[in-house]
Amino acid sequence: MSEFHIVVCGSIVPDPLQTLAPVEAPTGWSLKNEMMLPAVLDPWAGHALYEAANLAKKHPGSRVWLVSLAPKAKLQQVMMAVSQKAPFELVVADGSASGFTDSHETARVLAETIKGIAGLETSKMLLFGGWQSASRGSGAVMQMVGEMLGVSEQFQGVDKLTVHDDGAIEVKERIEGGSYQNSLVDGAPAVFGWATGELPEPPNNPQIGMQNMQKNMPALMQAKPADLSGTTMKLASVAVPQQRRETRVVKDAPVDEMAREIVEWLKS
Amino acid sequence: MSKVLYLAHTECDGTLHKSALETLTAAKALAEGLGGELAVGIIGADVAAAADSVAGCGAKIYGVSGPDFADARYASDLAAAEAVATACGAEIVVAPATSRFSRALPGLAVRLGGRVDTHLSGLAVADGQPVARRWFYRQRMEGTLTRSERPWVLTLDSGIAEPFAGAGSAEVEALTVDVSGVRTKVAGLECPSEDQQTIRPDARVLLVAGAGWTKKQADGAVHVDVAEETILNFLNATKSSLGSSKSLVDISGEGNAVISFLTHMHQVGQTGASPRHAKGLSTCCHGEEPHVVGWRFISERRAINTDAGCGWAQGKCDVLYVGDAFEIMKKVNEMLG
Amino acid sequence: MSDTTDTPEVPRAEMEADIVCVGFGPAAGGFLTTLTRGLMNEDGTPVAESAVVPGMPPQVICYERADDIGFGVSGVVTKGRALRASFPDLDLSQIPMAHEVTDEKVLYLRDPVGASRRPAVFKLADKALGRWMEDDAFELPYVPPFLQKHPGMVFSIGQLNQWVGGNLMGTGMAQIWPGSPVAEPLMDGRAVTGVRMADQGVEKNGTPGPGYMPGMDMKAALTVVADGPVGPVGQHLDRALGLPEGKHQREWAVGMKCVVDLPEGCDWQAGTVLHTIGYPEPEIFGFLYVYPGNVASLGIFVPSWFGNPVRTAYRYMQHWMQHPYLWKRLQGGTMRSGGAKSLQESGRRGAPFLCGDGFARIGEGSGSTNVLTGSGVDEAWATGVMLGESVLELMKEGKPYTRETLEATYVARRRASWVEEEAKVAEKSRDGFVSSVVKGFIGMGLTGLTNGLINMPGSPIKPQDRIPTIEEYYKGYIAEGEVLEIRAECARKGTSLHDALMDRVGWPQIPLDGTLLVSHQDALLMGGKVQAAPGYGDHVRFADPYTCEACRERVCIEACSGQAIYTNPEGGAPLFDREKCVHCGACMWNCSKSDLKDSERTNVCFRAGSGGLHSVEN
Ligand SMILES: Cc1cc2nc3c(=O)[nH]c(=O)nc-3n(C[C@H](O)[C@H](O)[C@H](O)COP(=O)(O)OP(=O)(O)OC[C@H]3O[C@@H](n4cnc5c(N)ncnc54)[C@H](O)[C@@H]3O)c2cc1C
Ligand SMILES: Cc1cc2nc3c(=O)[nH]c(=O)nc-3n(C[C@H](O)[C@H](O)[C@H](O)COP(=O)(O)OP(=O)(O)OC[C@H]3O[C@@H](n4cnc5c(N)ncnc54)[C@H](O)[C@@H]3O)c2cc1C
Ligand code: SF4
Ligand code: SF4
């Protein structure tokens with residue numbers, strides 16, 4: 001049976017239920033009231049974490065780290081919820097989780113942080129993450145982290161991962177038009193950018209929460225500030241599109257007439 | 001003089017996808033705008049036909065081909081892209097944001113010591129500099145950005161330019177790339193069959209079905225069978241793509257009468273997809289905000305609802321037909337023949 | 001029921017802490033802030049050793065049901081006496097959406113549409129005060145002292161809770177777990193030995209389903225019940241222990257509110273505080289507080305003594321917002337988020353047993369909220385501080401947490417506090433409303449101005465006994481036959497009855513603009529929306545479905561703040577949609593029938609649930 005060292009990259013994003021608006025400050029763009037908005041674990045990264053925990057459970061001796069680049073005060077709040085869902089060791093780089101940072105800088109900080117994990121064996125490493133963040137949505141960070149760590153067996157949009165008895169890993173990736181591509185990689189190390197996966201969100205388990213926080217609180221306290229300044233990327237403008245239209249309401253018209261209008265429109 | 005490399009991969013039939021041709025138009029315009037030179041790189045099992053189809057662009061064409069490059073695979077695609085970019089000394093790489101390149105090309109930025117920006121919704125030149133446009137926060141806001149790092153790898157979403165047309169006879173400089181060390185094997189694809197296929201990203205029209213189709217109608221009864229038939233007839237007649245509201249796909253979890261061919265993959269909206277189609281017709285869907293945000297890339301929108309006060313009436317569509325979708329769609333199907 | 005053979009037997013987990021606290025509102029904030037500051041000696045050694053993890057300081061756990069510790073709903077304007085005492089150097093600029101009170105007004109609003117049900121005195125006032133009115137509003141020449149919040153501050157309770165919680169977790173001395181609904185106290189006779197968390201992986205009706213995980217038992221030497229006005233742990237204790245002689249909780253209100261980005265050029269300055277009376281109905285009070293950055297928190301209170309059985313606070317709030325005085329300054333604004341929550345208005349009169357063996361109660365659920373002054377935050381905080389001081393005292397002396405020791409410390413502190421003194425004054429202030437609004441207002445004024453010496457007599461009636469039939473309420477306005485027709489029409493179309501009836505008696509339609517005047521559903525989806533975590537059972541259930549079946553008022557449906565309770569098209573008890581519920585608790589007292597087994601309660605069971613509103617602004 002294989003033993004894996006699973007490193008999950010996942011940060012926090014504003015609770016998707018919030019209304020978001022961009023604002024510009026001398027330091028660059030950010031979200032209005034960014035530090036005030038409630039945050040959650042980035043959804044696809046969350047699926048990656050639950051898949052990782054599940055895989056580790058099936059492969060005794062495996063370990064799971066959650067590597068997060070995020071402002072630690074906010075991360076601490078989010079961890080109170082996430083910690084209850086699956087056991088993991090938290091590794092924190094204290095810095096911005098904004099969608100407006102350069103994906104390369106985010107990847108560089110993550111790669112450097114992962115290199116600093118004591119006890120991590122690259123030959124057993126499965127690098128997990130969300131295939132896109134809900135903030136930047138670049139779908140580029142995981143590939144770059146993998147490259148920086150020298151891992152070039154990579155998969156994106158993963159919905160399923162099966163480990164065969166010989167250690168080979170079968171992967172199902174999302175591609176266009178509701179289709180899937182199946183691949184087989186002979187084993188670790190490899191990178192997996194997860195889509196939804198197959199597992200439901202685990203319940204909140206207060207016991208797991210308390211075990212996690214005992215080891216993870218120190219990691220939060222000791223988090224080092226991350227330097228994301230190595231970029232020339234400049235956002236000239238960010239705007240929320242105006243979507244309001246002039247709606248013509250067709251009422252009390254015969255069915256035939258409405259149908260005819262629709263067909264004409266479809267054909268035009 | 002800046003060198004713009006346009007990268008594409010072939011489809012299974014050896015052609016280039018529409019989105020690849022659109023990207024070529026954008027890449028060509030970029031090279032011209034920058035006063036630079038355009039080069040083309042094509043990756044695939046056999047790239048000759050694809051190269052011919054774009055020969056009219058006048059650029060030098062590089063090819064990486066062979067069975068190793070037939071399938072989408074990170075390590076081999078990246079190695080091929082790296083070989084082309086190195087061979088032509090690319091400063092800017094422009095490629096379509098297909099699933100294949102979205103997987104492989106971010107790694108290219110690291111290999112070349114450059115940077116990457118993905119899923120662009122626009123690409124232009126201003127003050128002699130490329131200006132990229134892309135969405136942030138799940139398509140909730142759009143920004144424009146510039147940067148001075150090079151090489152700069154850019155992937156473009158579909159729909160940002162007209163597809164390039166200009167076939168001819170191409171001369172391809174073939175590059176050999178050794179991928180014998182790659183540990184991944186592609187086993188195959190799982191595609192829904194043409195008939196079952198209801199998500200059609202390339203369709204002109206999106207039909208959205210809402211929970212109203214499974215609700216009690218004026219006669220006090222539920223008519224899911226009629227609903228299914230009406231929807232399928234429309235899809236068959238128009239080859240439209242099918243989308244759904246969250247409520248309708250969620251209902252299936254509660255043991256209610258359901259539309260059998262709908263899954264969560266069909267869900268449009270904040271927690272679903274934001275598909276791109278020229279036209280969208282919403283039926284039996286209330287038009288609530290979390291749903292309608294998924295219509296961002298639907299240009300023309302019409303809706304049918306029995307409720308004149310539904311969300312669509314509030315500036316969310318161009319035309320709202322207040323009426324019974326069962327009746328109206330039946331008639332529409334008849335007229336479509 | 002029990003043919004669940006395919007459900008594996010899942011053992012219930014059990015853990016131990018020294019102190020477990022239920023709910024994280026201002027009361028728990030005051031308690032934990034006080035406690036954690038005193039847990040360590042100057043030399044870095046703990047003041048007492050944990051009984052469950054030897055060698056460590058006492059283990060303190062707090063469970064909050066909402067998905068984030070900032071998802072509360074409240075005003076808030078407060079004098080902040082207890083808060084200031086806890087944070088003498090409080091710098092309001094460090095807390096988002098906080099400001100000093102700069103201007104305070106009480107406004108009498110005239111009915112500009114002619115649909116309000118006004119007793120003669122109000123009609124008279126509408127006329128008599130007319131010439132001093134601006135935009136149909138009369139500004140009281142002075143703010144009665146009992147209402148004054150000056151000097152004081154305005155807050156967003158979500159931001160305040162986040163700030164307090166962030167500080168607390170930073171100390172490492174307490175853990176606050178969000179997304180953790182506590183189902184009930186663990187009881188041993190009249191003693192409490194800890195709490196039981198809500199089950200997960202269950203069906204709507206609570207039976208085990210796939211992924212069943214029975215709620216864990218968390219044992220603790222002291223259970224602190226701080227679960228607010230409608231908290232199920234407090235409610236459970238009230239049922240199990242009864243209320244002290246002469247106490248009852250029959251006075252309620254639901255606060256329906258929203259946070260609004262004010263239009264540009266609005267002349268309300270940060271720190272402005274408005275209280276309104278008189279409109280949309282005389283029974284409904286309004287509030288509006290202005291935050292820095294041109295943002296306001298505003299809303300209304302609909303009390304249990306409002307006689308209309310078809311009521312949704314949401315529509316009344318929309319009419320109130322459109323009152324000319326307010327609308328002049330609100331028009332062009334944008335709703336950021338909405339919310340609703342119950343207030344326990346019985347105050348001291350509803351105070352339960354404040355402690356017992358192994359437990360103590362703080363905050364609104366312990367009767368701390370002052371109806372006369374309309375404040376509960378600082379009062380709740382103060383009760384938490386008092387318990388925190390008492391627990392530290394007992395810890396240092398090595399004493400157990402028994403009824404006697406807690407009486408001698410915590411209850412003694414409460415009896416001697418300003419919270420208690422002011423609560424006594426407030427206790428009788430609202431009785432007048434029982435018989436009529438006019439008497440109520442006079443009563444409230446008398447009580448306030450005479451410091452409780454003179455009160456309007458009247459004794460509180462259970463909300464369910466007060467609610468008239470729809471036909472009774474509309475007598476003289478709509479003929480019985482027509483009410484029947486409207487009912488039938490609404491039932492057939494599945495539309496709201498209260499809307500139809502309000503339209504019928506002359507309330508204008510709401511001109512929805514999609515930004516500030518939005519549909520009730522859209523309001524639940526704006527800004528901080530509503531969401532329910534999967535895997536929990538329904539937390540709103542109907543005690544006896546047959547009682548519902550026979551019920552004609554169906555107040556629960558009309559009053560639901562989230563449109564989460566709705567008519568079952570098949571007949572029978574109403575249906576409940578957990579996805580829409582904002583956990584306001586209003587259904588608990590907005591029901592016209594008593595629970596067959598307990599006449600003090602209604603037919604709605606309001607239990608522990610997760611999820612609800614996702615907004616840290618309210
Ligand atoms: C956090 C969050 C995220 C969400 N994300 C999404 C999302 O991604 N996508 C999404 O869709 N929703 C999402 N929702 C849910 C969304 O708010 C709505 O509940 C949902 O879109 C409603 O679906 P519906 O309009 O199909 O159903 P309903 O609201 O039930 O509306 C049915 C409609 O059908 C009409 N109707 C009935 N019979 C007929 C007939 N014969 N002819 C014509 N009309 C008829 C009715 O008038 C009604 O308007 C989300 C909600 C939340 C809280
Ligand atoms: C609209 C409105 C406006 C108000 N305006 C003002 C004002 O201007 N000034 C003022 O001073 N007061 C105001 N109040 C009153 C004030 O908000 C309350 O009195 C105060 O919040 C009470 O504090 P608390 O800590 O006792 O309870 P709460 O604030 O209610 O906190 C209790 C907490 O317990 C949690 N909880 C409940 N059940 C469980 C469970 N089973 N498991 C775990 N956790 C649980 C709840 O989610 C909640 O977070 C207003 C109230 C409302 C509704
Ligand atoms: S819960 Fe109460 S108000 Fe609602 S239907 Fe039942 S008895 Fe009537
Ligand atoms: S069902 Fe939920 S939203 Fe409705 S009144 Fe009850 S607690 Fe409030």
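FYI, side chains are in, hydrogens and waters are out, and symmetry mates aren't considered; it's all heavy atoms of this structure. Chain A is the first sequence line, chain B the second, and so forth, proteins listed ahead of strands; every chain is numbered from 1.
- Both the backbone and the side chain of B:T98 come within less than 4.5 Å of a heavy atom in chain A.
- When all heavy atoms of A:Q181 and B:R103 are compared, the pair lying nearest together is NE2-NH2, 4.3 Å.
- A:E261 touches chain B through backbone and side chain together, each having a heavy atom under 4.5 Å away.
- Most heavy-atom pairs under 4.5 Å with chain B: of the set A:G157, A:G139, A:P16, this distinction falls to A:P16.
- Ring pair A:F100/B:F136: centre-to-centre distance below 6.0 Å.
- With a 4.5 angstrom heavy-atom cutoff, A:L17 touches chain B via backbone and side-chain atoms both.
- Classification of A:D102 and B:R115 as a salt-bridged pair holds, one side-chain N sitting under 4.0 Å from a carboxylate O.
- Nearest heavy-atom pair across A:S152 and B:A75 is O-CB, 3.2 Å.
- The two residues A:S103 and B:V116 make their nearest non-hydrogen contact at OG-O, 3.7 Å.
- For A:E176, the parts lying under 4.5 angstrom from a heavy atom of chain B are both the backbone and the side chain.
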>> Apply side-chain contact (heavy atoms from CB on, under 4.5 Å) to residues A:R248 and B:D318 and explain how you reach the verdict.
In response: CA-CA 6 Å; A:R248 174 166 67 92; B:D318 307 312; over 6 Å; no

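- The shortest heavy-atom contact between A:D256 and B:M335 is O-CE, 3.6 Å.
- The part of B:R204 that comes within reach of chain A is its side chain, from C-beta onward, which places non-hydrogen atoms under 4.5 angstrom from that chain.
- If you measure heavy-atom distances from B:V322 to chain A, the contacts under 4.5 Å come from both the backbone and the side chain.
- In this structure, chain B has heavy atoms under 4.5 Å from both the backbone and the side chain of A:S268.
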>> As a quick check of understanding, evaluate side chain to side chain donor-acceptor pair (under 3.5 Å) for A:S183 and B:T184, giving each step before the final call.
In response: CA-CA 7 Å; A:S183 307; B:T184 298; over 6 Å; no

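- Your options are A:R174, A:E170, A:Q156, and the one with the most heavy-atom pairs under 4.5 Å with chain B is A:Q156.
- With a 4.5 angstrom heavy-atom cutoff, B:D117 touches chain A only via side-chain atoms.
- Contact count against chain B (heavy-atom pairs under 4.5 Å) is highest for A:D186 among A:V263, A:V249, A:D186, A:V240.
- Taking CZ of A:R136 as the start and CZ of B:R134 as the end, the distance is 8.0 Å to the nearest 0.5 Å.
- Heavy atoms closer than 4.5 Å to chain B are found in both the backbone and the side chain of A:S135.
- One finds the OG atom of B:S102 at 8.0 Å from the CH2 atom of A:W131 (value rounded to the nearest 0.5 Å).
- Taking CG of B:L336 as the reference point, atom NZ of A:K267 lies at 6.0 Å (rounded to 0.5 Å).
- Remark: the A:K234 side chain and the B:T144 side chain contain no N/O donor-acceptor pair separated by less than 3.5 Å.
- Annotation: cation-pi geometry not satisfied between B:R301 and A:W265 (NZ/CZ under 6.0 angstrom from ring centroid, within 45° of ring axis).
- Counting heavy-atom pairs closer than 4.5 Å to chain B, the top residue among A:M258, A:E153, A:E173 is A:E153.
- What you find for B:S148 and A:T232 is that their closest heavy atoms are N-OG1, 2.9 Å.
- For the options A:M148, A:R260, A:E147, heavy-atom pairs under 4.5 Å to chain B are most numerous at A:E147.
- Contact annotation for A:A21: only backbone heavy atoms (N, CA, C, O) come within less than 4.5 Å of a heavy atom of chain B.
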>> If you apply the rule side-chain contact (heavy atoms from CB on, under 4.5 Å), what do you find for B:K316 with A:T247, and how did you get there?
In response: CA-CA 7 Å; B:K316 293 178 180 167; A:T247 305; 5.9 Å; no

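- Considering all non-hydrogen atoms of both residues, B:C317 and A:R245 come closest at O-CB, 3.8 Å.
- Options A:L184, A:T231, A:V255, A:L266 differ in how many heavy-atom pairs under 4.5 Å they form with chain B, and the most are formed by A:L184.
- Heavy-atom distances place both the backbone and the side chain of A:P189 under 4.5 Å from chain B.
- Heavy-atom distances place the side chain of B:L78, and not its backbone, under 4.5 Å from chain A.
- To the nearest 0.5 Å, atoms CG (A:N182) and CG (B:L189) are separated by 8.0 Å.
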